[in-house]
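Quantities reported herein were computed from a predicted structural model and do not represent experimental measurements.
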Amino acid sequence: MKVGKFLLFALFIAFFTLAASGCKKCKGEQPRARITNNGTQKASVQVKTSGGNTININNVDPGTSSEYASYAPGQVTFTITVNNVNYVKTTDISTCYQYDIAIDRANVITVNGTDRND
């Protein structure tokens, strides 16, 4: 009888573990980024990956947002250009993250990273 209860408990734990791991929204997808331009000038971002690939999101008009662009994980350099001024940020990027690059009315830039599994 004790073996049966132990086996039932072990099956319950295994089922719960599998169910919890299946709840992830993102399953190894590439990271992605977009620009939300609340500034006064067009904005662009170049995303250069450690593998040498480059993704460009160009000429995002004030008051608009770009679509998300995906790129390879690893060390990534973001070069954000507003009003012919470059802002550079290098960081390590993992799969399943998305980055919202926001530009405010004073052309101040903030970058917020979000785990898509949260």
Side-chain angles (χ1 to χ4, degrees):
M1 189 67 161
K2 288 183 180 183
V3 173
K5 286 183 180 180
F6 176 76
L7 190 57
L8 184 60
F9 179 73
L11 285 173
F12 174 76
I13 294 297
F15 176 77
F16 182 77
T17 302
L18 286 173
S21 68
C23 292
K24 288 186 170 185
K25 298 173 192 171
C26 176
K27 293 180 174 40
E29 297 168 20
Q30 291 187 331
R32 61 187 187 179
R34 74 172 177 179
I35 297 175
T36 299
N37 187 357
N38 296 314
T40 58
Q41 304 289 322
K42 286 187 178 187
S44 298
V45 65
Q46 178 188 68
V47 182
K48 186 172 183 180
T49 67
S50 55
N53 295 327
T54 301
I55 304 298
N56 293 305
I57 305 171
N58 292 324
N59 300 318
V60 178
D61 288 317
T64 65
S65 293
S66 70
E67 296 292 322
Y68 280 102
S70 297
Y71 47 90
Q75 188 174 60
V76 173
T77 301
F78 293 105
T79 302
I80 304 155
T81 305
V82 178
N83 203 24
N84 294 322
V85 177
N86 290 338
Y87 304 89
V88 179
K89 170 77 173 156
T90 300
T91 188
D92 289 322
I93 305 293
S94 298
T95 58
C96 294
Y97 271 82
Q98 71 184 25
Y99 293 85
D100 291 295
I101 302 163
I103 301 152
D104 71 11
R105 301 277 306 145
N107 293 324
V108 174
I109 299 167
T110 57
V111 179
N112 292 315
T114 305
D115 185 340
R116 290 186 276 170
N117 288 313
D118 289 343

* Asked: Which pair of non-hydrogen atoms, one from S94 and one from P73, has the smallest distance, and what is that distance?
  -> C-CB, 4.1 Å

* Asked: Can you tell me how far the CG atom of N56 sits from the NZ atom of K48, to the nearest 0.5 Å?
  -> 11.0 Å

* Asked: Residues two or more places apart in sequence or in another chain: which of them pass side chain to side chain contact (heavy atoms under 4.5 Å, CB included) with Y99?
  -> A33, Y71, F78, I93, Y97, V111

* Structure fact -> d(I57 CD1, N37 CG) to nearest 0.5 Å is 12.0 Å

* Would you say T36 and I103 make side-chain contact, with heavy atoms under 4.5 Å? -> no

* **Whether N83 side chain and V85 backbone form a donor-acceptor pair below 3.5 Å** => no

* Which residues share a side chain to side chain contact (heavy atoms under 4.5 Å, CB included) with N86, sequence neighbours left out -> T79, T81

* Is there a side-chain contact between V88 and T77 (heavy atoms, below 4.5 Å)? -> yes

* In terms of side-chain geometry, is the basic nitrogen of R116 or E29 positioned less than 4.0 Å from the acidic oxygen of its partner? -> yes

* To do: Look at the side chain of S50 and the backbone N and O of G74, then say whether any donor-acceptor pair between them is shorter than 3.5 Å.
  => no

* All side chain to side chain contact (heavy atoms under 4.5 Å, CB included) counterparts of T40, not counting sequence neighbours -> R105, N107

* Asked: Counting only N and O atoms by type, is there a donor-acceptor contact under 3.5 Å from the side chain of N58 to the main-chain atoms of S44?
  -> no

